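First comes the structure, then the notes that go with it.
This structure is a prediction, so every number in the text was calculated from the model and none was measured.
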Amino acid sequence: MKSLFVLSVLLLSASSVHANEFVYLKCDNEMTLTSTEISTGKVLNDGETKSEIVYLKIDPSGNRFMSYKPSSGKRDLKWDEATISGGVLSAKMLDTSEAFKANGELDLEFQPAGKLSSKFSAIAFGMISSEIDITGDCVDVDASVFESALKESEV
């Protein structure tokens with residue numbers, strides 16, 4: 001009887017630990033940006049590319065994720081909702097403020113780590129329209145790598 005109790009405790013503790021596991025990724029991305037002046041239709045930049053690194057913390061059981069770009073310098077991380085199924089995260093992204101409106105989609109293979117793809121449309125100050133395509137390759141990292149990236153931005 002005592003061994004049944006011990007086994008039950010082990011099973012319950014293991015399932016609660018598993019439920020709280022996060023997945024951490026480091027993604028090397030390439031962003032392609034095309035911007036147009038809305039009033040004139042003049043293309044301001046056509047297919048400008050930029051490389052960036054993004055760190056992600058994924059909560060598969062909570063259907064949410066957060067991301068951090070060291071190049072942005074912003075440390076106000078927040079959870080975003082996602083649909084997670086079969087090791088793939090999908091999210092609709094919407095960001096609206098008085099000066100900036102953006103919407104897009106994100107698809108990410110995370111179990112196992114793989115490809116990231118995202119498409120966004122944005123309007124800044126009602127004057128400039130931008131189309132942003134992001135593709136990336138992601139690898140698994142430890143929580144310590146994610147935390148180190150955050151701490152480096154404090155310096």
Side-chain angles (χ1 to χ4, degrees), residues 4-36 45 47-124 128-155:
L4 181 59
F5 175 73
V6 172
L7 180 61
S8 297
V9 169
L10 286 174
L11 287 174
L12 287 174
S13 65
S15 62
S16 65
V17 168
H18 182 68
N20 291 325
E21 284 186 12
F22 295 116
V23 175
Y24 297 90
L25 300 177
K26 176 184 177 187
C27 301
D28 291 312
N29 296 340
E30 184 168 296
M31 178 177 68
T32 304
L33 171 72
T34 300
S35 297
T36 306
N45 57 355
E48 177 182 315
T49 61
K50 176 184 172 186
S51 295
E52 64 182 3
I53 294 174
V54 176
Y55 294 90
L56 294 123
K57 180 178 182 178
I58 302 169
D59 178 5
S61 63
N63 288 314
R64 62 188 186 155
F65 72 101
M66 64 174 59
S67 60
Y68 172 67
K69 282 193 302 186
S71 63
S72 74
K74 293 182 184 178
R75 289 191 26 103
D76 56 337
L77 300 179
K78 65 179 181 60
W79 288 107
D80 289 305
E81 292 181 17
T83 302
I84 297 175
S85 177
V88 176
L89 178 148
S90 299
K92 301 245 186 246
M93 308 297 287
L94 180 62
D95 186 6
T96 58
S97 67
E98 212 172 288
F100 186 77
K101 294 177 179 27
N103 63 39
E105 297 180 2
L106 168 71
D107 292 300
L108 171 65
E109 300 168 355
F110 72 96
Q111 285 180 327
K115 299 289 182 189
L116 175 145
S117 66
S118 182
K119 290 187 181 282
F120 281 88
S121 296
I123 296 177
I128 298 173
S129 171
S130 298
E131 297 297 320
I132 305 156
D133 290 322
I134 302 170
T135 58
D137 293 307
C138 302
V139 295
D140 288 310
V141 295
D142 291 329
S144 62
V145 173
F146 184 86
E147 297 301 326
S148 290
L150 290 175
K151 286 180 182 172
E152 285 178 18
S153 69
E154 292 176 354
V155 177

Separation between CE (M66) and OH (Y55), nearest 0.5 Å, reads 16.0 Å

Closest non-hydrogen contact found for A149 with Y68 is O-CE2, 3.6 Å

Q: Starting from the C-alpha separation in whole Å, work towards a yes-or-no answer on side-chain contact (heavy atoms from CB on, under 4.5 Å) for L150 and L77.
A: CA-CA 10 Å; L150 290 175; L77 300 179; 3.7 Å; yes

Carefully, step by step, assess L108 and L25 under the rule side-chain contact (heavy atoms from CB on, under 4.5 Å).
CA-CA 10 Å; L108 171 65; L25 300 177; 3.9 Å; yes

Interatomic distance, CE@M93 vs OG@S118, rounded to 0.5 Å, equals 7.5 Å

Sorted by chain and residue number, the side chain to side chain donor-acceptor pair (under 3.5 Å) partners of T32 (sequence neighbours excluded) come out as none

In short, ring-ring contact (aromatic ring centres under 6.0 Å, His included) pairs touching residues 76-122 with sequence neighbours left out are F22-W79

Output for pair (C138 SG, I58 CD1), nearest 0.5 Å, gives 8.0 Å

For residues 101-116, the side chain to side chain donor-acceptor pair (under 3.5 Å) pairs (sequence neighbours left out) are S90-D107, K92-E105, K115-D137

For G47 and T34 the tightest heavy-atom approach is N-OG1, 3.1 Å

Value for CZ (F65) from CG (L106), rounded to nearest 0.5 Å, stands at 5.0 Å

Q. Does a side-chain N-to-carboxylate-O contact under 4.0 Å join K78 and D80?
A. yes

Output for pair (K57 NZ, S67 OG), nearest 0.5 Å, gives 12.5 Å

Between the OG1 atom in T36 and the CD1 atom in I123, the distance rounded to the nearest 0.5 Å is 10.5 Å

In short, D59 meets E21 closest at the heavy-atom pair OD1-O, 4.4 Å

Atom CD of E30 with >12 non-hydrogen neighbours under 6.0 angstrom:
yes

For N29 and G136, the nearest pair of non-hydrogen atoms, with its separation, is OD1-CA, 3.2 Å

* Asked: Quick one: are K26 and D28 in side-chain contact, heavy atoms under 4.5 Å?
  -> yes

Note: E81 and A91 closest approach over all heavy atoms is O-CB, 3.7 Å

Heavy-atom closest pair (I84 atom, R64 atom, distance to 0.1 Å) is CD1-N, 4.1 Å

